[in-house]
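To keep things clear, I will list the structure first and then write my remarks on it.
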Amino acid sequence: MSLLTSTEISRIRDVATLRRGDEVEAHLRNEVHYRGRVEDTAPGIGVVWIRDDADGRRAILHTDEYAIWRIRTVPLQPGLAA
């Protein structure tokens, strides 16, 4: 039996809601520029540091430049699969 999952994507408007290890994407003009896991945040200045999945480098994301989206994979509840 396989585990069925769903992906939830939500826009982050306050980086204080992010936690280390959260998976995020940074969008610029509706294109994904970065995707990775949160390493640190500075809510007072609207900054998130992530480890980029593409090249393993650390990236700094400013919320005045990028739209930040949290990506979560959650298991589907029994009976919800089509």
Side-chain angles (χ1 to χ4, degrees):
M1 180 193 310
S2 65
L3 179 63
L4 298 176
T5 60
S6 174
T7 301
E8 293 179 352
I9 301 171
S10 56
R11 174 98 186 252
I12 301 300
R13 299 195 187 276
D14 180 4
V15 297
T17 64
L18 291 172
R19 298 290 173 251
R20 184 180 186 104
D22 283 349
E23 186 174 1
V24 297
E25 287 182 347
H27 294 205
L28 181 63
R29 292 191 239 16
N30 296 320
E31 293 181 7
V32 177
H33 278 232
Y34 296 97
R35 183 180 178 122
R37 302 238 175 232
V38 172
E39 290 195 339
D40 203 0
T41 63
I45 58 173
V47 170
V48 179
W49 287 269
I50 68 165
R51 185 66 58 182
D52 189 29
D53 288 347
D55 61 12
R57 293 183 181 175
R58 191 171 161 134
I60 185 170
L61 310 175
H62 297 269
T63 56
D64 57 349
E65 273 184 69
Y66 295 100
I68 310 296
W69 295 81
R70 179 184 294 133
I71 312 298
R72 288 186 183 164
T73 303
V74 295
L76 285 177
Q77 295 178 359
L80 294 181

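By convention here, the first residue in the shown sequence is residue 1. Remember, predicted model here, so these are calculated numbers, not experimental data.
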- request: To the nearest 0.5 Å, tell me how far Ile60 CD1 sits from Glu39 CD.
  value: 12.0 Å

task: Supply the atom-to-atom distance Ile9 CD1 to Thr73 OG1, rounded to the nearest 0.5 angstrom.
output: 9.0 Å

query: So if you build clusters from Ile, Leu, Val, Met, Phe, Trp, Tyr with side-chain heavy-atom gaps below 4.5 Å, do Tyr34 and Leu18 land together?
result: yes

statement: Smallest heavy-atom separation, Asp53 atom then Gly36 atom, equals OD1-CA, 3.5 Å

query: Between atom OG1 of Thr17 and atom CG of Asp22, what is the distance when rounded to the nearest 0.5 Å?
result: 8.0 Å

- prompt: Is it the case that more than 12 heavy atoms not belonging to Arg57 sit under 6.0 Å from its CZ atom?
  reply: no

- request: Determine the minimum heavy-atom distance between His33 and Tyr66, stating which atoms define it.
  value: CB-CE2, 3.9 Å

- line: Heavy-atom closest pair (Glu25 atom, Val32 atom, distance to 0.1 Å) is OE1-CG2, 3.6 Å

query: Are the side chains of Thr7 and Ile71 in touch, meaning some heavy atoms are under 4.5 Å apart?
result: yes

query: For Trp49 and Arg58, which heavy atoms make the closest approach, and how far apart are they?
result: CG-NH2, 3.2 Å

query: Has the side chain of Thr63 got a donor or acceptor atom that lies under 3.5 Å from a matching backbone atom of Gly46?
result: yes

field: Leu28 to Glu65 - nearest heavy-atom pair and separation
entry: CD1-O, 3.2 Å

Co-membership, hydrophobic cluster, residues Leu61 and Ile45, 4.5 Å side-chain: no

message: Taking salt bridge (charged side-chain N to carboxylate O under 4.0 Å, His left out) as the criterion, tell me which of Arg70, Arg35, Arg51 meets it with Glu23.
response: Arg35

message: When you compare the side chain of Arg20 with that of Arg37, does any pair of heavy atoms fall below 4.5 Å?
response: no

